[in-house]
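So the structure is just underneath, and the comments pick up after that.
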Amino acid sequence: RTPLLKNREFRLALASAIDRQSNLQARFRPGSSSTDHAPLNGPFLVNTWAYNPSVPQYSTSQAKTHLANAGKENPGQLMKLQLIYPDNDTEAAAACSDIKRSWQSLGVELDLIAVNADSFVDRVMKQHAFELAYWRHDFKDESYWLSPLFNPADAKPGGMNFMGYVPGEDLEKLFTRIDEHKMFRTIQKASHD
C-alpha cells in the first residue's frame with residue numbers, strides 16, 4: 001500500500017540495515033543468553049522443518065548495496081516512513097528506536113508512533129491503517145502456513161492479508177505446490193523456495 005515499500009530492493013535495504021544480533025542482545029536476551037531469540041532471515045523459525053538454512057542472514061554491510069539497487073541512493077530524495085507499535089510494550093519501543101537509528105544511516109526518516117495497545121491489533125488486522133508495524137506473527141500450528149497472509153482476495157480491511165501484498169506468479173505457484181502435495185520433501189522444498 002505504500003509506494004516506497006513496493007520496491008523489493010528497498011525492503012531488503014531496510015531489513016539489512018537492522019543489526020539483529022545487537023538488538024536482540026540488548027533488548028530480548030535476559031542474562032545474555034545468545035541462544036534466545038535467534039535472528040530470522042525469513043518468515044520461519046530457525047531449526048524448524050520450514051526454515052531454509054542456506055538462505056543468508058541479513059547483513060548490515062549489504063544495506064547500502066540494496067539501496068543503490070533500489071535506485072533510492074539520492075541524497076535529495078526524502079524517504080520517510082511511519083512505524084507503529086503498541087504503547088504498553090517498552091521492549092518494542094526500545095527496539096523501534098534501534099530500528100530508527102539503523103535506518104538513519106540509509107537516509108530513511110522514521111516516525112515512531114505509539115498506538116494504544118487495546119486498538120493496536122484492530123488497527124493492523126482490521127483497518128490496515130499503517131505503513132510499517134512492529135508485529136509478531138504466531139503460527140497456528142507446525143504446518144507454518146503463510147498463504148493467507150499473501151492472498152490478494154483477502155487484502156481488504158479485515159482480511160488476513162493485512163500487508164496488502166500481492167504476490168507474483170512464482171509465489172502463487174509455490175503456495176499451490178504446497179497445497180496440492182502430500183509428500184513432505186516436496187512441501188519442504190517449496191517452503192524453502
Side-chain angles (χ1 to χ4, degrees), residues 1-48 50-87 89-115 120 124 130-139 144 146 149-150 162-165 167-168 170-171 191-193:
R1 293 183 185 92
T2 304
L4 193 55
L5 295 174
K6 288 182 180 180
N7 185 314
R8 179 182 182 274
E9 286 289 330
F10 182 69
R11 293 193 310 271
L12 284 170
L14 295 179
S16 297
I18 300 168
D19 184 348
R20 286 166 169 68
Q21 283 290 1
S22 295
N23 293 354
L24 289 171
Q25 194 68 23
R27 308 289 176 208
F28 300 101
R29 290 178 174 160
S32 300
S33 174
S34 62
T35 58
D36 290 343
H37 302 288
L40 301 179
N41 62 350
F44 302 118
L45 301 172
V46 176
N47 298 325
T48 62
Y51 175 77
N52 186 349
S54 68
V55 173
Q57 294 293 321
Y58 292 114
S59 168
T60 55
S61 65
Q62 293 297 311
K64 293 201 184 234
T65 301
H66 287 299
L67 190 65
N69 291 343
K72 301 293 182 194
E73 202 170 34
N74 179 353
Q77 180 181 12
L78 179 63
M79 293 181 285
K80 186 174 181 178
L81 294 166
Q82 292 180 343
L83 172 61
I84 66 171
Y85 64 93
D87 67 355
D89 188 337
T90 55
E91 290 171 333
C96 288
S97 293
D98 292 341
I99 292 169
K100 180 176 182 168
R101 277 191 296 282
S102 296
W103 290 357
Q104 284 173 337
S105 68
L106 296 177
V108 176
E109 185 180 334
L110 188 61
D111 287 336
L112 301 180
I113 301 170
V115 174
F120 180 75
V124 173
F130 66 95
E131 287 183 335
L132 296 166
Y134 189 87
W135 184 259
R136 175 186 92 209
H137 179 71
D138 293 323
F139 290 98
Y144 302 115
L146 289 173
L149 294 174
F150 297 96
F162 61 89
M163 296 173 289
Y165 186 80
D170 291 344
L171 186 57
S191 295
H192 286 186
D193 291 346

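If you're wondering where the values come from, they're calculated on a predicted model, not measured in any experiment. Throughout, residue positions are numbered sequentially from 1 according to the sequence presented.
- Looking at L83 and W103, their side chains never come closer than 4.5 Å, going by heavy atoms from C-beta outward.
- Counting heavy atoms from C-beta outward, L4 and F10 have side chains that approach closer than 4.5 Å.
- Note that CG of N41 is 7.5 Å distant from CG of N52, once rounded to the nearest 0.5 Å.
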* Applying side chain to side chain contact (heavy atoms under 4.5 Å, CB included), run through L12 and E9 and close with a yes or a no. => CA-CA 5 Å; L12 284 170; E9 286 289 330; 4.1 Å; yes
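- Checked against side chain to side chain contact (heavy atoms under 4.5 Å, CB included), K100 has the following partners two or more places apart in sequence or in another chain: Q104, L110, L112.
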* To do: Could you walk me through whether L40 and Y51 pass the side chain to side chain contact (heavy atoms under 4.5 Å, CB included) test, one step at a time?
  => CA-CA 9 Å; L40 301 179; Y51 175 77; 5.6 Å; no
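- In this structure E91 satisfies the side chain to side chain contact (heavy atoms under 4.5 Å, CB included) test together with F28, D89, sequence neighbours excluded.
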* side chain to side chain contact (heavy atoms under 4.5 Å, CB included) evaluation trace for L5 with L81 -> CA-CA 9 Å; L5 295 174; L81 294 166; 4.0 Å; yes
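- Here Y85 contributes atom OH and T90 contributes atom OG1; the two are 10.5 Å apart, rounded to the nearest 0.5 Å.
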* To do: Go through F130 and V124 one step at a time and tell me if the side chain to side chain contact (heavy atoms under 4.5 Å, CB included) criterion holds.
  => CA-CA 7 Å; F130 66 95; V124 173; 3.9 Å; yes
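- Taking the side chain to side chain contact (heavy atoms under 4.5 Å, CB included) definition, one finds that P43 meets it with L146, sequence neighbours left out.
- Ring pair F44/Y144 is perpendicular by interplanar angle, where above 60° counts as perpendicular and below 30° as parallel.
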